[in-house]
Amino acid sequence: AQTVTQSQPEMSVQEAETVTLSCTYDTSESDYYLFWYKQPPSRQMILVIRQEAYKQQNATENRFSVNFQKAAKSFSLKISDSQLGDAAMYFCAFRSNFGNEKLTFGTGTRLTIIP
Amino acid sequence: DAGITQSPRHKVTETGTPVTLRCHQTENHRYMYWYRQDPGHGLRLIHYSYGVKDTDKGEVSDGYSVSRSKTEDFLLTLESATSSQTSVYFCAISESKVFYGYTFGSGTRLTVV
């Protein structure tokens, strides 16, 4: 079974600064997807970024980018120019390309933005 | 959110009573999931469905049952609610052709007293 580990329960960053959230995963498979989801206080789960394992290029969505290290099984999220609206819980998730498309989630990192 | 709705949004119930949570989608997606969210545990899969009347257990299925009689509806039932089932419950949907991740419902906060 796959596992996803987020070792930082809480992080804080000054507004306009850059912060990196860590995620590692364990799998024996080579074909899979990785995701970062954001959960603001509204409770809604919002997809931030998606990475396909067979793509070498790191995914980027505006101020959000990932550092995908397949050999190290590491998938960190970098938020540049942090904004107050980035304050949320962030979940890393793994999905194998074999099986019924289930996502396995990490335990989350709570990000606080300091004005 | 557009395309997927959960009801109710909040519920308080007594220990030992049955509870049913509903998930309704208008996207005609094949896959539907129920997760629970608890502090320190992230989201954990309870049950999922890969088609009408096709369901399977997740990692925390004890005490829960599901049914899917129509593509658009996926019901989660707590047969006899316990305090350990106090949680936030999320429904999610996905499509198999190209996987872009889940679309989530807005969640149900269930409190068992």
Side-chain angles (χ1 to χ4, degrees), chain A residues 1-10 21-25 29 31-55 59 61 64 66 75 77 88-110, chain B residues 1-6 8-11 23 27 29-51 54-61 66 68 74 87-110:
Chain A
Q2 292 83 11
T3 58
V4 178
T5 301
Q6 294 179 248
S7 59
Q8 306 153 315
E10 297 183 352
L21 308 184
S22 300
C23 173
T24 59
Y25 58 95
E29 298 173 11
D31 192 11
Y32 50 86
Y33 293 93
L34 294 161
F35 301 84
W36 279 98
Y37 279 88
K38 171 185 176 181
Q39 186 182 43
S42 67
R43 202 166 73 198
Q44 186 64 47
M45 293 289 286
I46 302 164
L47 179 64
V48 174
I49 204 162
R50 164 183 177 266
Q51 176 78 42
E52 298 174 68
Y54 66 86
K55 288 190 176 178
E61 291 288 342
F64 297 86
V66 297
F75 184 62
L77 176 69
M89 280 289 286
Y90 286 82
F91 292 98
C92 179
F94 171 98
R95 182 258 187 183
S96 168
N97 269 349
F98 301 96
N100 286 316
E101 306 201 1
K102 296 173 287 184
L103 281 181
T104 300
F105 289 85
T107 53
T109 296
R110 182 172 301 281
Chain B
D1 211 80
I4 177 171
T5 55
Q6 287 184 237
R9 186 159 173 80
H10 303 276
K11 186 172 181 66
C23 179
E27 304 294 327
H29 283 352
R30 177 183 176 191
Y31 292 90
M32 300 185 75
Y33 310 83
W34 278 107
Y35 283 81
R36 60 178 288 174
Q37 182 181 7
D38 303 291
H41 291 278
L43 281 80
R44 293 178 292 173
L45 183 64
I46 304 171
H47 281 280
Y48 65 98
S49 170
Y50 45 96
D54 291 324
T55 65
D56 205 350
K57 296 178 180 180
E59 63 180 304
V60 290
S61 59
V66 291
R68 190 170 179 199
F74 192 33
S87 187
V88 177
Y89 291 85
F90 282 96
C91 178
I93 59 176
S94 71
E95 183 50 70
S96 60
K97 295 192 180 91
V98 181
F99 190 75
Y100 290 107
Y102 290 168
T103 300
F104 282 88
S106 54
T108 296
R109 180 175 294 280
L110 176 68

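Below, read A as the first sequence line, B as the second, and so on, with proteins coming before strands; counting in each chain starts at 1.
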Rounded distance (nearest 0.5 Å) linking atom CG of B/L43 with atom OG1 of A/T107: 11.0 Å
Structural part of B/L45 lying under 4.5 Å from a heavy atom of chain A: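 For B/L45, the contact with chain A is made by the side chain alone.
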Engaged part of B/R109 at the chain A interface, taking heavy atoms whose separation is under 4.5 Å: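 Contact with chain A involves both backbone and side-chain atoms of B/R109.
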A/R110 atom CZ, neighbour heavy-atom count above 12 within 6.0 Å: no
Structural part of A/Q39 lying under 4.5 Å from a heavy atom of chain B: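 It is the side chain, since no backbone atom gets that close.
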Shortest non-hydrogen contact between A/M45 and B/F90, atoms and distance: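 Closest pair (atom of A/M45, atom of B/F90, distance): CG-CE2, 4.1 Å.
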Over all atoms of both residues, closest heavy-atom pair of B/Y35 and A/L103: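 Scanning both residues completely, I find the closest heavy atoms to be OH-O, 2.6 Å.
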Proximity of A/Y37 and B/Y102 rings by center, below 6.0 Å: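 Ring centroids of A/Y37 and B/Y102 are no less than 6.0 Å from each other.
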Whether A/R43 side chain and B/G107 backbone form a donor-acceptor pair below 3.5 Å: yes
Beyond-backbone contact of A/F91 with B/Q37, side-chain heavy atoms, under 4.5 angstrom: yes
